[in-house]
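What you see is a predicted model; the values in this text were computed from it and never measured. Just so it is clear: chains get the letters A, B, ... in the order the sequence lines come, proteins before strands, and each one is counted from 1.
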Amino acid sequence: MLTPAAFEPAGRRPPMVGSWRPRLFAVRHAAAAERFYAGFERVLLALAPLARRVGYDRAEGTVALVERAVKGPLFDCRMCGQCVLSSTGMSCPMNCPKALRNGPCGGVRQDGTCEVYPDMPCVWVQAWEGSRRMADGDRIAEAQPPVDHRLKGTSSWLRVMRAKRPEPAPEGARKGAATG
Amino acid sequence: MRPHPDDIGPEPHAPLPPLPGHSSRGRLERVLRRGEFAVTAELNPPDSGDAEDVYERAHIFEGWVDGINATDGSGAHCHMSSVAICALLTRIGYSPVMQISCRDYNRIAIQGNVLGAAALGVCNVLALTGDGVQCGDHPEAKPVFDLDSTSLLHTLRTMRDEQRFLSGRKLSSAPQLFLGAAENPFAPPFDFRPLRLAKKIAAGAQFCQTQYCFDVPRFRQFMARVRDLGLHEKCFILVGVGPLASARTAKWMRANVAGVHIPDPVIARLEGAADQKREGKRLCIDIIQEVREIPGVAGIHVMAYRQEEYVSEIVHESGVLRGRTPWRRDFQPRLEAVESLGSG
């Protein structure tokens with residue numbers, strides 16, 4: 001039988017039976033993952049000066065590689081570059097064949113499996129269960145903007161660092177600002 | 001009873017004169033805002049390039065419904081497009097609901113189509129995710145899913161209220177639309193469904209049409225939570241209903257149509273009937289009569305796939321219109337009549 005076509009955010013083939021087991025583990029331990037992430041964000045921000053010295057653009061390749069290696073097996077991360085795991089019960093929404101980032105579609109089967117892949121537990125049924133285990137799980141109610149497809153393959157970690165610890169303006173621009 | 005004077009414009013094909021507090025110039029919004037129990041029906045789009053096929057399919061609903069939904073590649077099957085059907089329906093004076101499925105278009109195509117539809121007189125839009133391509137006749141197609149139904153609603157509201165594209169670029173004239181969402185209270189995760197509707201309302205949904213309701217107790221639970229969240233005061237909820245042709249059809253639908261939940265007792269009731277088709281209609285009317293009493297329900301959405309000829313019968317027998325008659329061509333004042341008044 002042919003595998004049904006699906007949206008493939010990272011150009012990856014559709015999931016194989018069983019390959020989502022680690023993902024379910026992450027959801028089952030969403031509370032622990034949430035605590036870990038809170039600590040990890042502090043580490044990231046502590047590392048920001050280093051990344052800034054190297055230059056965020058120059059660090060991109062290496063950091064993205066590490067992020068893919070860590071989040072790939074854990075969450076089946078698709079490297080959308082705009083991670084929302086903490087708002088989706090630690091269930092990566094980019095594994096939804098419809099790439100839904102705001103909630104489940106109407107096609108979820110009665111047993112909680114996916115409309116497109118009947119073998120796969122629905123990403124959003126998992127997300128809801130995960131969110132109920134998290135202290136800050138109500139963030140699942142926050143609306144997510146559409147995906148920026150330009151960010152595919154880039155590091156979300158660096159994006160967090162960039163947003164919270166912005167790179168200083170280039171030398172020339174600062175001088176211009178001072179004199180102007 | 002003739003339709004409300006607000007529902008009849010000078011020209012049947014043009015949007016109605018604007019009313020304060022209304023976001024569209026369509027009839028569906030007026031009926032709902034007046035607090036009437038609204039009826040919408042689903043038109044099964046033809047596989048043809050002939051406008052007559054559309055008119056024929058819409059004509060059987062005339063005088064029985066307040067809005068006609070033109071599906072957009074439902075079940076991922078290819079048919080005449082929703083935007084074209086809606087444009088044809090506005091020529092006559094019907095009040096079409098254009099459906100947009102995120103499966104088939106990216107944000108550039110969607111926004112362009114919406115402007116075109118508004119220019120052609122379409123006043124109602126229903127934002128949908130869309131069935132996966134695997135269930136249609138082109139399973140080898142590339143699914144788009146650039147936006148999801150919630151971000152689609154947000155996009156449409158931005159165009160209407162902020163008069164700009166998602167990119168920020170200004171529109172010289174905003175599309176005046178009544179925005180709708182779909183919800184399936186009968187699919188897991190059940191506890192999340194009311195919250196998901198809340199998310200859609202926050203993104204712009206003003207009305208909601210649900211998936212087929214065959215499980216009234218489940219729907220009651222959903223509505224109880226909807227009322228707790230106060231959603232019924234922010235959004236008109238139309239319950240999806242429809243006749244099942246037979247127990248066999250019901251079983252087939254349950255197994256093959258994405259998102260349709262039919263409990264066993266419903267199938268048993270059909271199996272036990274001498275005339276299953278008649279029982280299917282009776283069941284539909286019974287469900288309508290149950291759900292119309294649930295607080296917060298603003299109307300029904302009748303999906304009678306391949307049984308469209310029974311819609312008028314179902315609406316009539318269920319008595320949901322309470323003697324009201326939705327717009328019909330013969331209610332439209334004739335121009336000649338007005339002229340003769342002027343000359344006389």
Open item on the list: At a 4.5 Å cut-off on heavy atoms, which part of B:Cys135 comes close to chain A: side chain, backbone, both, or neither?
Closed with: side chain
Task: Pair B:Asp146 + B:Arg107, salt bridge at N-O below 4.0 Å - done: yes
- [ ] Output the option from B:Gly259, B:Pro189, B:Ala258 having the highest count of non-hydrogen pairs under 4.5 Å with chain A.
- [x] B:Pro189
Open item on the list: Can a side-chain donor-acceptor contact be found between A:Gln82 and A:Asp148 if the only test is distance below 3.5 angstrom?
Closed with: no
Open item on the list: Measuring only between side-chain heavy atoms, which start at C-beta, is B:Val291 closer than 4.5 Å to B:Arg220?
Closed with: no
TODO: Locate the shortest heavy-atom distance separating A:Val123 from A:Cys92; write the atom from each residue and the value.
DONE: CG1-O, 3.3 Å
Task: Contacts of residues 127-144 of chain A with chain B (heavy atom under 4.5 Å) - done: A:Trp128, A:Ile140, A:Ala141, A:Glu142, A:Ala143, A:Gln144
Open item on the list: Check A:Arg109 with A:Glu115, please: is the shortest side-chain N to carboxylate O separation under 4.0 Å?
Closed with: no
TODO: Measure distances from B:Leu128 to the heavy atoms of chain A and classify the residue's part below 4.5 Å as side chain, backbone, both or neither.
DONE: neither
Open item on the list: At a heavy-atom distance under 4.5 Å, which candidate from B:Arg193, B:Lys200, B:Gln211 has the highest pair count against chain A?
Closed with: B:Arg193
TODO: Any salt bridge (Lys or Arg N to Asp or Glu O under 4.0 Å) involving residues 37-65 of chain A? Give me the pairs, sequence neighbours left out, ordered by first then second residue.
DONE: A:Glu41-A:Lys164, A:Asp57-A:Arg162
Open item on the list: Taking the basic N atoms (NZ, or NE/NH1/NH2) and the acidic carboxylate oxygens, is any pair closer than 4.0 Å for B:Asp264 and B:Arg254?
Closed with: yes
Open item on the list: Under 4.5 Å from any heavy atom of chain A, what part of B:Arg103 do you find: side chain, backbone, both or neither?
Closed with: neither
Open item on the list: Please check this pair: side chain of A:Trp124 against backbone of A:Ser91, looking for a donor-acceptor N/O pair closer than 3.5 Å.
Closed with: no
TODO: Indicate yes or no for a side-chain donor-acceptor contact from B:Tyr212 to the backbone of B:Met303 under 3.5 Å, with no hydrogens or angles considered.
DONE: yes
Open item on the list: Taking side chain as everything from C-beta outward and backbone as N, CA, C, O, which of these in B:Asn184 sits under 4.5 Å from a heavy atom of chain A? Side chain, backbone, both or neither.
Closed with: side chain
Task: Option that, when pairs with chain A are counted at under 4.5 Å, heavy atom only, ranks first among B:Ala198, B:Ala202, B:Pro188 - done: B:Pro188
